[in-house]
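The figures here come from the full heavy-atom set of this structure, side chains too, leaving out hydrogens, waters and symmetry mates. Naming: A, B, ... by sequence-line order, numbering from 1 per chain.
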Amino acid sequence: MTTVLLAIGILVLLALVFGGILGYANVRFHVEGDPIVDQIDALLPQTQCGQCGHPGCRPYAEAISNGEAINHCPPGGQATIQALADLLDVEAIPLDGDHGTESAKRVAVIREDECIGCTKCIQACPVDAILGAAKQMHTVISDECTGCDLCVEPCPVDCIDMVEVGVNTKTWSWDKPQGVASTSLNIIATDRQTEAAH
Amino acid sequence: MQTFDIFSFHGGIHPPENKAQSLQLPLGRPSLPNELILPLGQHIGQSSRPMVKAGDRVLKGQALAMNNGFLSSFLHAPTSGTISAIEERLIAHPSGLSDLCVILQPDGLEEWQALEPLVDWQTQNRTDVLAYLSEMGIVGMGGAGFPTQVKLQGANKSPLTHFIINAAECEPYITADDMLIREKTLELILGIEVLQHLVNASQVVIGIEDNKPTAIKLLNDLLAERNSTIKVAVVPTKYPSGGEKQLIQLLTGKEVPSGQHPADIGILCQNVGTCVAVHDAIYLGKPLISRFTTLTGDALNAPQNVEVLLGTPVSHLLEYAESQDNKLHRLVMGGPMMGFTLDSTQVPVVKTSNCILAATKEELPPPAPEQACIRCGMCEQACPVSLLPQQLLWFSKSQEHEKAEHHNLFDCIECGACSYVCPSSIPLVQYYRHSKSTIREARESAVKADLAKQRFEARKARQEAEAAEKEAKRLARQKPAPAKDANKVAPKAAASAAPATNDEAKKLKVDLAIAKTKLKKLEKQLLSAQENEHVEEINSLQLQVTDQANQVKDLEAQMAKFAEAAPVAKPTPAKQDSAGDELKKAKVDLALVGVKLKKAQKQLDETPDDADLKQKVADLEAQQKAAQAKLDQATSAAPAQTTPKAAANTNSDELKKAKVDLALAGVKLKKAQKQLAEAPDDADLKQKVADLEAQQKAAQAKLDQAQTIDTAPTKPANDGTTANNDELKKLKIDAAIAKAAVKKVEKALKKAEELQAPELDTLRQQFKDAQQRATELENALANPNAQQATATPKSAENNVGTADEDKKRKVDLAIAKAGIKKAEKNIALLKEQGKSEEEIQASEWPQKLIEAQQKLALLETATAAEDTSSKETSTATQAQPAAPTKADDDKKRKIDLAIAKAGIKKAEKNLVLLKEQGKSEEEIQASEWPQKLLEAQQKLAQLESNEAPQPANAEPSNAERANDEAPQASLAEQIKQQKIAVALAKAQANKLAKKLGVEPDNAEQVQLEIAQLKDKQAQAEHLLEQLMKQQESQ
């Protein structure tokens, strides 16, 4: 009987001690804000395009943390979906076509001689990448442009084009090799001969 | 020649060297091509910025493009000619992409621009020499094209132990450096000396592979001839010993840590080509316009090394080396291990092109198909950087780039040794390159995403700030609009932006202060004129004072407007003409009365026995008091009438009435006292006096209360402190005057006693009055809160002020209660000590107890009255929802009620007990209990009477809008209750009066009680009146 009581006592003591430690840790290492939202936000492409139906990437990140589907981000594409799936430990699903299709990276370009200087695109740009003033020609700072498309619609004279960003020698990257199964693996001479005979 | 310790590095391979082919022929110098294609990005870093335009004629060695940032370089014309275009051309890049190039059409004149060699490089500033090298367009010619001046600058971070000249040239086929050393040995040594001068390393070593015996011999001979300290370190032939980090390891045994540069461990590495280019630049003034390149491969009939002008198209060189097009299978720029295949022969030679390999199919067969990794581990054996190539392959294949990074993917030098040894023909390097570029892309996009996020958030913040500002402006515009109509003097800026408002407000404050000072001065003058009885002056001064006062008022009004306009919630003192006028009139009256009083007092001093004079003085004092009261009222009323106008009006009316009552009571009292003095035995008269005193006290209480009400909802504003100070001063002066009066009266009293004058009592009364006033004033002085309350002219949020007042009152109440308790205790103590009732009565404690009780009662009355009136205010204005405080008050009142009831019960019990103990009625009467009972009953009545109007008054604030009849009903009820309270008070007063008749010994106490009762009665009457008014108004 004493052993049982002793065991119970020790267990209770341990529970109290570890509970205390956990409680202290909870207070001491308390994390402000929702870390998962930050993590999701870091994975999103930050184009702030609103194609997901949220006013910016962070609101979508919050929505995802609240259970919204992860496939509503066309600019991020499948890569982002995969990354989100890995992060959230859910299944990667194909991009939802309702929100747009994945396209190559583009930037807005204003046909400057057609611009009337209405400033509407400036107001629409979520990252302040358009430069200009009322009745002055506008131009896009292409380095800052996220290619979100939001400036195209408000333009009254349709002088904004979304131009695909080409690859130059600086941005070019090596292709991934074809891999093992890319070519016929009949490397044994007799195999090749039988194939030739056919 | 000393030998040099040679170390070793891990891995490495020994591919067939194939160097002999290109060394058969001497150095060739191809003819000028038809055009030179000069890419702007021939080096690592930012592309150069063109300084010429199409159509320009340029001389040989003329700068065509300048550096574009820190990590960039110059570009020069390799020959004289005309710029035909600056356009996109295919360049020598593994991607086969085009880039911007300057196209130069040579004119064949080879016309040099004036050469300016840097002859005094040894005396020149190091920085200047580096800048000169940069302007000469010198970049590392080993393969990466790192701008040399940047590398040299970086090497200056820490003292260098080794300066290594890379002449290893480990890659098969390439012999350009070998040929360069053979051809330009002296230039090389001179170049090394220049660089050594710049970097000042402790050891200079030329690292060269043992497969170049001719070059080694030439170098050794020349160095021995020159007695140079430069050493030649011959390293065994092994690929990739020519790699910078591998050569460092070979020569020093040190490994460059991952992610660091050789300069970080005190080592600098330069290619031989670079050293020769440095020599040409320094000694000859020639920029980097040509280089040694190996043309080799089985597809060439005349493989050889050539000194080729930069920008020469590969096709021109192939032609020069007699390329056999039918044999040419694969054209590689660079060596077979690290080079890349060229898709076009039109690409130009650039600063980093050390070899053009025109290989036949047999020479460089197409790569065998990739097969599965058999985990043989040969790649690991071959890796010169001691990486795990196989592991990296898995990570690269499965796109686990993070893991690949953890396995130091970025330390891979892409030498191709692993691919070379792989039995499964896996293009390992291509996998690594792909992974590297993917990771780099991800990093760049992360940076860009971060930037976009930052910009988005900045924009959001800006928009929010703008919206807030707009809203503030809108509010600011809304508020001053009506004020503008009211006062035409209002400056237009009132409606404009906030900063302007602030400035205006400051100016206004200053103006206001000036105007106030002027006003004070004028008033002083007026006063003195009045004292001196200069009638004409008085009139003119009065006019001036009025004007000045008006000005002050205007300014105050403006201030108020600004306070409203400003987004900050400032007090809003609105002006009321009548208040200002009253104020002035009251002041003038006061001054006049003061003058008269002084005169009379003087006369009195001269003839102390003159009863008439005394009467006059008393009257005048009363008048002065009244005037003072009026003035106080006016001053307090003026600000009080600011925001809640309706409330303020009623308040000021009450105040006036209270003052008038007070003055009347004072006069009557005096008269009665006189009569009493003439006939001291007349009980009726005594009664009357007591009544009158009570009346006076009641009036005083009322007045105090009214003043508190008026001033309670005020708060110190911008110039509140000044006003406070003024008030404080005034109070002090008053206190001093009162004290003086007390003394005077005391003197008079003594005199009268000596003379046994009949007006002894009057004097005593006067003495008492004076004392009372003095203590009052002292109290006022001592209590800064009270002062603030009475002094602050600017009204602010009612709630805060009321809360402050409440607090104060509560504190006072608590003190009073404590006093009572103490007194009671002491009495009890005395009783315990067996003292007789009479002794106790004789002691000071009963008196003290009574006083404390009175004070308590007074305070409670004030609290109650304050509450009621504050309720009225809120009812009238419907502006200040003081619901919580109301609720609190209600609670408090209920508690008080309960306590009072308990007190009654206790008193009754005690009485019963006394009766049971067989004490006689008289004894009982003499004991404190009947008195306590009475008091408790009074308190209860008072509380009940207060409580009754309370909810009724509180409710209308909500109910009034919706329902008019309900408040009327409740009002009627209240009125009834008040009437009852009045009746009760009257009855009790009568009772006490009778008691007074029975017990003349206790007269004073009873009289005080009566006074208290009268006070309560007056209070009740006052409430009743208010209620009636309310009813009427409804």
Discussion item. Please check this pair: side chain of K351(B) against backbone of G140(B), looking for a donor-acceptor N/O pair closer than 3.5 Å.
Written reply: no
Fill in: Close side-chain approach of T352(B) to Q42(B), heavy-atom, < 4.5 Å
no
Worksheet item: Rounded to the nearest 0.5 Å, what separation is found between the CD1 atom of I130(A) and the NZ atom of K120(A)?
Response: 13.5 Å
Worksheet entry | Choice from K448(B), E441(B), Q463(B), E444(B) maximising heavy atom contacts with chain A below 4.5 Å | K448(B)
Discussion item. Heavy-atom cut-off 4.5 Å, strictly under: side chain, backbone, both or neither for K397(B) against chain A?
Written reply: both
Discussion item. If I measure from the heavy atoms of chain A, does S424(B) come under 4.5 Å with its side chain, its backbone, both, or neither?
Written reply: neither
Worksheet item: Using non-hydrogen atoms only, which part of I91(B) is less than 4.5 Å away from chain A: side chain, backbone, both, or neither?
Response: side chain
Discussion item. Under 4.5 Å from any heavy atom of chain B, what part of P55(A) do you find: side chain, backbone, both or neither?
Written reply: backbone
Worksheet item: Considering only heavy atoms, which portion of S396(B) lies under 4.5 Å from any heavy atom of chain A: side chain, backbone, both, or neither?
Response: backbone
Fill in: Which atoms of T169(A) approach chain B - backbone, side chain, both or neither, heavy atom under 4.5 Å
both
Worksheet item: Checking heavy atoms, do the side chain of T47(A), its backbone, both or neither come under 4.5 Å from chain B?
Response: neither
Worksheet entry | Part of P45(A) lying under 4.5 Å from any heavy atom of chain B | backbone
Fill in: Best-contacting candidate, Q46(A), R58(A), K105(A), against chain B by heavy atom pairs under 4.5 angstrom
Q46(A)
Discussion item. Regarding S398(B) and E400(B), do their side chains bring together a donor and an acceptor under 3.5 Å, going by distance alone?
Written reply: yes
Discussion item. Among A449(B), S95(B), A446(B), G41(B), which residue has the highest count of heavy-atom pairs closer than 4.5 Å to chain A?
Written reply: S95(B)
Worksheet item: Distance from I160(A) atom CD1 to I110(A) atom CD1, nearest 0.5 Å?
Response: 4.5 Å
Practice prompt. Ignoring hydrogens and angles, state whether a donor on the side chain of E62(A) or N66(A) is under 3.5 Å from an acceptor on the partner side chain.
Written response: no
Practice prompt. State, yes or no, whether a side-chain contact exists between L310(B) and L36(B) at a heavy-atom distance under 4.5 Å.
Written response: no
Practice prompt. Please confirm whether R433(B) makes a cation-pi placement over F340(B), using NZ or CZ under 6.0 Å from the six-membered ring centre and within 45° of the ring normal.
Written response: no
Discussion item. Given heavy-atom pairs under 4.5 angstrom as the criterion, report whether the side chain, backbone, both or neither of R462(B) touches chain A.
Written reply: side chain
Worksheet item: Hey, what's the ring geometry for F395(B) with H407(B), parallel, tilted or perpendicular (30° and 60° as the breaks)?
Response: tilted
Worksheet, complete the sentence: If one checks every heavy atom of Q454(B) against chain A at 4.5 Å, the contacting part turns out to be neither
Response to the item:
Bottom line for D128(A): the part with an atom under 4.5 Å from chain B's heavy atoms is both
